[in-house]
Colleague: 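Sharing a structure below in structure tokens format, with a few things to ask.
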Amino acid sequence: MPFARRAPTFATKSRDIEGVASLRVEFEFAVVQKNRKPRVMSGMRPTGPLHLGHLVGVLTQWANYCETADAFFEIADLHAYTTEFDDTATIRGAREAMVAVWLAAGVDPNRSTIFLQSGVPEISELQVLLSMITPVSWLERVPTYKGQIDALGQKVATYGFLGYPLLQLCDIAAFRGEYVPVGRDQVAHLELGREIVRRFNHLYGSSKAILIEPQATLSEFPEVPGTDGRKMSKSYDNAILIADDEETTTRKVRSMVTDPLKIRRGDPGRPEICPVFALWRFVNPLRLDGIAAECRSGALGCVQDKGEFAEQLNEYLRPVRERYAAYVADRGALERIIEEGTARAREIAAGVLRDVKHAMRLT
Ligand code: TRP
């Protein structure tokens with residue numbers, strides 16, 4: 001067995017949220033110490049078109065993990081069903097386009113495993129097994145659960161949605177994922193997952209760890225703001241989409257909010273509160289200091305800034321968009337990549353499920 005059968009040696013604390021640099025050190029240390037690539041697992045729900053926030057916040061990181069890790073990337077379609085069960089056509093339609101953006105961003109299907117969650121029934125079987133030892137109160141305590149119940153009400157008051165973080169743990173545990181790149185809002189899910197793993201190992205492990213406690217790793221990038229200054233998100237209608245054309249992108253940039261006290265060129269601006277400035281960081285960090293100085297002094301007006309930014313943003317996105325267009329045009333190739341990855345994922349998940357069933361005496 002190439003897998004380490006013990007839990008990682010480092011502890012997780014709330015430090016996870018801030019200690020990104022130290023996590024990277026731990027990650028690199030793990031590579032050296034174990035003399036193998038650490039297993040990284042992450043997923044994304046196919047609920048709609050991807051945007052700049054996905055690209056710079058998540059996918060560039062995923063692309064790097066193709067080199068440094070043994071990486072598994074999941075199309076989390078069952079997770080999408082927990083909230084969009086009344087719109088299955090959108091979920092089905094989003095699948096290939098989502099993977100096309102992953103590939104365009106540099107995720108390499110030959111150096112990682114791209115798979116479909118619902119195509120790996122071992123994950124669902126694992127969920128049934130782990131549900132036996134998952135207290136309902138732990139699930140009810142997860143902040144995203146409470147938040148979504150408040151936001152969406154009865155629609156998500158389902159058994160399936162309550163189990164969302166357990167299903168997520170099963171995604172990870174089915175591959176003995178060690179590192180899980182996720183956003184801040186997902187850290188609580190990982191904490192819950194670690195508790196369930198501890199409980200499982202305690203109940204059934206008889207001194208050895210059958211499952212591994214996964215560790216959240218956060219993107220080194222700060223949150224990516226959308227055109228209105230809130231977090232870029234499809235549901236806020238403030239996103240610059242990978243699939244947008246250049247005119248649409250330019251129009252969206254022109255509509256962006258900036259420092260409300262900078263009315264006209266000449267007024268001194270505050271780049272630190274300006275979402276256009278925040279996006280410059282991703283698109284051309286070399287231009288940051290110059291933009292900040294010119295904005296503060298009043299030499300640079302918002303209209304001019306947006307014009308220059310829109311041009312550079314389009315330039316930055318052009319190669320990604322070209323690759324995206326080529327990938328979506330070859331649907332057969334995308335389907336093959338997903339099929340092959342799913343077959344590979346199933347083999348590994350089946351081995352873990354066998355160990356779990358054996359530990360639970362389901363033999
Ligand atoms: N819940 C994650 C999100 O909304 C997506 C996801 C599903 C995931 N399964 C996962 C992330 C497993 C990491 C690991 O972003």
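In each ligand, atom 1 is the first atom listed, and ligand 1 is the first ligand listed.
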Colleague: Enumerate, one pair per line, all nitrogen or oxygen atoms of ligand 1 lying under 3.5 Å from a protein nitrogen or oxygen, stating the separation to 0.1 Å; write 'none' if no such pair exists.
Modeller:
| from | atom 1 | to | atom 2 | distance (Å) |
| --- | --- | --- | --- | --- |
| ligand 1 | 1 (N) | Y164 | OH | 2.7 |
| ligand 1 | 1 (N) | Q168 | OE1 | 3.3 |
| ligand 1 | 1 (N) | Q186 | OE1 | 2.9 |
| ligand 1 | 4 (O) | Y164 | OH | 3.2 |
| ligand 1 | 9 (N) | E74 | OE1 | 3.4 |
| ligand 1 | 9 (N) | D171 | OD2 | 2.7 |

Colleague: With a 4.5 Å limit on heavy-atom distance, are the side chains of L279 and L313 in contact?
Modeller: no
Colleague: Between F85 and Y81, does the ring centroid distance fall short of 6.0 Å?
Modeller: no
Colleague: Less than 4.0 Å between a side-chain N and a carboxylate O, is that true for E340 and R344?
Modeller: no
Colleague: Answer yes or no: is there a donor N or O on one side and an acceptor on the other, between the side chain of K262 and the main chain of G298, under 3.5 Å?
Modeller: no
Colleague: Keeping the roles fixed (side chain from N201, backbone from L211), state whether a donor-acceptor pair exists under 3.5 Å.
Modeller: yes
Colleague: Give every residue pair that meets the ring-ring contact (aromatic ring centres under 6.0 Å, His included) criterion with at least one member in residues 96-135, sequence neighbours excluded.
Modeller: W62-W102, F115-F175
